[in-house]
Amino acid sequence: MVRFDDVWLKYRQETQAEDAAAPDVLRDITFEIPDGGFRWLTGRSGAGKTSLLKLMTLTEHPTRGRIDILGTHAARISRRDAAMLRRRIGVVYQDFRLLHHLSAYDNVALPMRLARRNEAQIHADVAEILRWVGLAGRLEAKPHELSGGEQQRIAIARAVVGRPKLLVADEPTGNLDDEQAQRLMMLITALNRLGTTVVVATHNLGLVSRYPAPRLDMEDGRLIRHG
């Protein structure tokens, strides 16, 4: 389960005086997503979607309010436990965040190796997911040898290969053509049916209408719709 209760967030610049008033980028955010739920996260650029996802993935911490992620009170866990919790969360970033010295195969395998899975299982799972995203022939390619759409598909494969309990995706179809976007949504909805809680941020309202699910609508740092 994911639960936000009266959550506020402000970013403080390193050069900012201690008593300076930083603007709130998120204000009074309250919602709950049950285990195995699916939510679209929508809103214009600058509405606060990415900031909300950062809180959900423990990249940022709230200025005030309570956040529970997968049954854990996120503000009260140790750094070690936070790292363990992140291993249960798959994240698709807008900027991909691939490691450029690693091949496509090794980028996708990385979270499974961090979780100390055996190499035989890693090979089977990575090969299967790369076939699914249409990149079975690009296993040894480095990120700079891949197109933007191919890099996006590698990032998606890396996020889902370990079958996370929570999948958070920030504009995952932004660099994909319609056919690949549909293929991705088939994968995401299949994971959701298997019990993964899913949150997908998107500007693509056509995609939202094609795959109806409850929405979290953001506007100016506030949640204006939930459901």
Side-chain angles (χ1 to χ4, degrees), residues 1-35 37-77 79 82 85-86 88-97 152 155-156 159 164-175 185 188 192 196-209 211-227:
M1 176 174 58
V2 175
R3 178 188 293 150
F4 280 49
D5 185 13
D6 190 26
V7 170
W8 296 62
L9 175 68
K10 63 176 62 180
Y11 295 124
R12 181 178 295 279
Q13 302 296 326
E14 291 184 5
T15 57
Q16 192 172 38
E18 191 65 29
D19 58 352
D24 292 304
V25 294
L26 295 177
R27 302 187 296 282
D28 189 24
I29 304 294
T30 299
F31 66 88
E32 183 176 316
I33 307 173
D35 286 341
F38 186 111
R39 295 294 184 274
W40 292 108
L41 178 59
T42 59
R44 297 179 180 178
S45 295
K49 300 189 303 297
T50 297
S51 294
L52 185 67
L53 296 183
K54 287 180 178 179
L55 291 174
M56 206 174 289
T57 58
L58 310 181
T59 307
E60 294 287 347
H61 299 285
T63 307
R64 74 174 196 245
R66 174 172 175 142
I67 299 175
D68 291 276
I69 303 293
L70 301 178
T72 300
H73 186 183
R76 292 187 175 177
I77 57 177
R79 183 174 299 180
L85 181 57
R86 288 191 189 99
R88 302 169 64 199
I89 303 172
V91 186
V92 182
Y93 301 97
Q94 275 190 325
D95 55 357
F96 313 144
R97 302 194 187 182
Q152 181 72 304
I156 292 161
K165 292 298 294 179
L166 171 63
L167 175 64
V168 175
D170 195 357
E171 297 287 350
T173 63
N175 290 281
M185 288 309 304
I188 288 176
N192 182 237
T196 296
T197 303
V198 175
V199 180
V200 179
T202 186
H203 288 99
N204 189 339
L205 295 183
L207 203 63
V208 173
S209 63
Y211 295 89
R215 286 166 57 175
L216 302 170
D217 284 352
M218 301 290 299
E219 183 177 294
D220 194 26
R222 291 184 181 275
L223 186 64
I224 61 171
R225 171 180 173 180
H226 176 208

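Start at 1 with the first residue, then count along the sequence.
Rounding to the nearest 0.5 angstrom, the gap separating the CG atom in Asp5 from the CG atom in Asp28 is 9.0 Å. To the nearest 0.5 Å, the span separating CE on Met218 from CG on Leu223 amounts to 6.0 Å. Rounding to the nearest 0.5 angstrom, the gap separating the CZ atom in Arg79 from the CD1 atom in Ile77 is 12.0 Å. Separation of atoms CG (Leu9) and CZ (Arg64) is listed at 11.5 Å; rounding is to 0.5 Å. His73 NE2 to Arg3 CZ: the interatomic distance, rounded to the nearest 0.5 Å, is 10.5 Å. Separating the CG atom in Leu70 from the OG1 atom in Thr197 is a distance of 6.5 Å, to the nearest 0.5 Å.
In this structure, Trp40 contributes its side chain and Tyr211 its backbone to a donor-acceptor pair below 3.5 Å. The backbone N or O of His203 sits less than 3.5 Å from a side-chain atom of Glu171, completing a donor-acceptor pair. Between the side chain of Asn192 and the main chain of Gly37, a donor-acceptor pair closer than 3.5 Å is present.
Ring orientation note: the planes of Phe4 and Phe31 are close to parallel, at an angle under 30° on the 30°/60° scale.
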Next on the checklist: Applying salt bridge (Lys or Arg N to Asp or Glu O under 4.0 Å) to Asp95 and Arg97, what does each step give before you reach the verdict?
Outcome noted: CA-CA 6 Å; Asp95 55 357; Arg97 302 194 187 182; 3.2 Å; yes
Checklist entry - Where do Asp170 and Tyr93 land on the side-chain contact (heavy atoms from CB on, under 4.5 Å) test, with the steps shown first? => result CA-CA 5 Å; Asp170 195 357; Tyr93 301 97; 5.9 Å; no
Next on the checklist: Using side-chain contact (heavy atoms from CB on, under 4.5 Å), reason through Asn175 and Phe96 one step at a time and then give a plain yes or no.
Outcome noted: CA-CA 11 Å; Asn175 290 281; Phe96 313 144; 3.5 Å; yes
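Taking both residues in full, the closest heavy atoms of Pro62 and Val7 are given as CB-CG1, 3.8 Å, listed atom of the first, atom of the second, then distance. Of all non-hydrogen atoms in Pro214 and Phe38, the two that sit nearest each other are CD-O, 3.7 Å. Heavy-atom minimum distance, Pro23 versus Lys10: O-CB, 3.2 Å. In terms of heavy atoms, Arg86 sits closest to Leu58 at NH2-O, 3.0 Å. The heavy-atom pair separating Gly90 from Pro164 by the smallest distance is N-CB, 3.4 Å. Closest heavy-atom contact between Ala159 and Leu167: CB-CD1, 4.0 Å.
For the pair Leu52/Lys49, no side-chain contact is recorded, criterion being any heavy-atom separation below 4.5 Å from C-beta on. Side-chain contact check for Gln152 versus Val92: some heavy-atom pair is nearer than 4.5 Å. No side-chain heavy atom of Trp8 sits less than 4.5 Å from a side-chain heavy atom of Leu26. Between Arg225 and Thr42 the shortest side-chain heavy-atom distance does not fall below 4.5 Å.
Using a cutoff of 4.0 Å between basic side-chain nitrogens and carboxylate oxygens, Asp35 and Lys165 are not scored as salt-bridged. The residues Arg66 and Asp68 are annotated as salt-bridged, a charged nitrogen and a carboxylate oxygen being separated by less than 4.0 angstrom.
With 3.5 Å as the limit, one finds no donor-acceptor pair spanning the side chains of Thr63 and Asp24.
Checked options Leu41, Ile89, Val2; the residue passing with Met56 is Val2 (criterion: side-chain contact (heavy atoms from CB on, under 4.5 Å)).
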